[in-house]
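Inspection log for the structure reproduced underneath, given as structure tokens.
All values reported here derive from a predicted model rather than from experimental measurement. Residues take their numbers from the sequence shown, with the count starting at 1. Order of appearance sets the numbers: ligands from 1, and atoms from 1 within every ligand.
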Amino acid sequence: MTTITLVQGDITRESVDAIVNAANSSLLGGGGVDGAVHRRGGPAILAECRRLRASHYGKGLPTGRAVATTAGDLDARWVIHTVGPVYQESGGDPALLASCYRESLRVADELGARTVAFPAISTGVYRWPMDDAARIAVETVRHTPTAVEEVRFVLFDDRAYEAFSRRLG
Ligand code: AR6
């Protein structure tokens with residue numbers, strides 16, 4: 001059984017086996033969670049992202065996929081980078097957003113991660129409506145078979161925290 005927990009705060013302060021990054025397909029960093037992960041995690045993460053690009057993802061990591069790197073200076077063993085869908089481009093189809101959570105858990109299982117922290121993927125720059133994103137996130141985690149023991153949603157502000165709380169019941 002996977003326990004789902006909620007905390008409000010900065011995901012880069014969490015102590016877990018794996019921190020999920022809301023990346024973009026370039027894997028070269030950006031704002032929001034991505035910016036914070038690279039800032040606090042240090043240059044080792046970007047160096048590994050560059051190597052992954054060169055070896056596997058020359059055209060970018062596709063939306064809905066996930067890939068792991070070192071966590072650098074973060075208090076975690078791995079960062080799992082996933083690329084959320086842009087709301088407008090996806091037409092609100094939940095499939096790719098659900099895929100981010102599923103694929104991240106699959107990568108976590110491959111790594112042997114038992115505790116995984118997720119941000120509210122796609123709800124910032126990519127503008128997915130928070131309530132809908134919370135529904136997709138919670139339902140997908142509940143229905144994905146995994147050896148991960150704790151999925152911790154780390155929500156940045158009150159609005160996100162409340163949306164996920166309502167969904168978790
Ligand atoms: N800890 C936890 N949550 C955070 C943090 C943090 N440190 N910072 C922001 N959030 P976003 P996206 C929340 O924009 O929508 C980047 O430029 C934020 O309030 O980080 O998937 C990438 O490079 C929001 O609720 O990710 C991509 O280009 C949620 O995390 C693009 O943004 C996600 O916001 C990805 O956009």
* To do: Run the contact test for G30 against ligand 1 with a 4.0 Å cut-off on heavy atoms, strictly below, and give the result.
  => yes
* Structure fact -> Closest to atom 25 (O) of ligand 1 among protein heavy atoms sits T123 OG1, 2.6 Å
* Asked: Between the candidates V37, N21, N24, V7, which shows the shortest non-hydrogen contact distance to atom 28 (O) of ligand 1?
  -> N24
* Intermediate values then yes/no, side chain to side chain contact (heavy atoms under 4.5 Å, CB included), R50 and R53 -> CA-CA 5 Å; R50 286 189 195 282; R53 259 179 74 95; 5.6 Å; no
* Check step by step if side chain to side chain contact (heavy atoms under 4.5 Å, CB included) holds for V125 and N24. => CA-CA 10 Å; V125 172; N24 60 62; over 6 Å; no
* Does any N/O atom on I11 come nearer than 3.5 Å to any N/O atom on ligand 1? -> yes
* To do: Mark the output for G35 as yes if a heavy-atom distance to ligand 1 is under 4.0 Å, and as no if none is.
  => no
* Structure fact -> The reported gap from NE2 in H38 to OG1 in T12 (rounded to nearest 0.5 angstrom) is 12.0 Å
* Structure fact -> Filtering T12, D10, I121 for the heavy atom nearest atom 7 (N) of ligand 1 leaves D10
* Under the side chain to side chain contact (heavy atoms under 4.5 Å, CB included) rule, what do E14 and V7 come out as? Steps first, then yes or no, please. => CA-CA 10 Å; E14 293 298 312; V7 296; 3.7 Å; yes
* Pair R135 + D132: basic N to acidic O under 4.0 Å -> yes
* To do: Assign the ring pair Y101 / F153 to parallel, tilted or perpendicular, where the plane angle (0 to 90°) is split at 30° and 60°.
  => perpendicular
* Per-atom contacts of ligand 1 with G9, taking only distances under 4.0 Å to non-hydrogen atoms -> 1 (N), 2 (C)
* To do: Counting heavy atoms only, name the option from S25, G124, G84 that's nearest to atom 15 (O) of ligand 1.
  => G124
* Region of A22 that comes within reach of ligand 1 [heavy atoms, distance under 4.0 Å] -> both
* Asked: Is the count of non-hydrogen atoms from other residues, nucleotides or ligands lying under 6.0 Å from Q88 atom CD greater than 12?
  -> no
* To do: Could you tell me the separation between the CG atom of L155 and the CE atom of M130, rounded to the nearest 0.5 Å?
  => 7.0 Å
* Structure fact -> Out of V86, V33, L155, T82, the nearest non-hydrogen contact to atom 30 (O) of ligand 1 is supplied by V33
* To do: May I ask you to check if ligand 1 and A36 share an N or O to N or O distance below 3.5 Å?
  => no
* To do: Mind checking the CD1-CG spacing from I45 to L74? Nearest 0.5 Å is all I need.
  => 4.5 Å
* Check each of A133, S122, A120 against atom 12 (P) of ligand 1 and report the one with the nearest heavy atom. => S122
* Structure fact -> Between V79 and A71 the two heavy atoms that sit nearest each other are CG2-CA, 3.8 Å
* Does D157 have a non-hydrogen atom less than 4.0 Å from ligand 1? -> no
* **Aromatic ring pairing W128/Y87, orientation class (parallel under 30°, perpendicular over 60°, tilted between)** => perpendicular
* Nearest non-hydrogen protein atom, atom 14 (O) of ligand 1 -> V125 N, 2.9 Å
* Any non-hydrogen atom of A160 lying under 4.0 Å from ligand 1? -> no
* To do: From the options F156, Y126, Y87, select the one whose nearest heavy atom is closest to atom 31 (C) of ligand 1.
  => Y126
* Enumerate the atoms of ligand 1 whose separation from the nearest heavy atom of M130 is less than 4.0 angstrom. => 25 (O)
* Asked: For atom 17 (O) of ligand 1, which protein heavy atom lies nearest, and how many Å away is it?
  -> G31 N, 2.7 Å
* Distance filter under 4.0 Å to D34 heavy atoms, resulting ligand 1 atoms -> 22 (C), 23 (O)
* Can you tell me how far the OG1 atom of T63 sits from the CZ atom of R65, to the nearest 0.5 Å? -> 10.5 Å
* Residue G32 vicinity, atoms of ligand 1 by number, heavy atom under 4.0 Å -> 8 (N), 20 (O)
* May I ask you to check if ligand 1 and P119 share an N or O to N or O distance below 3.5 Å? => no
* Answer yes if the side chains of E103 and T82 hold a donor-acceptor pair under 3.5 Å, and no otherwise. => no
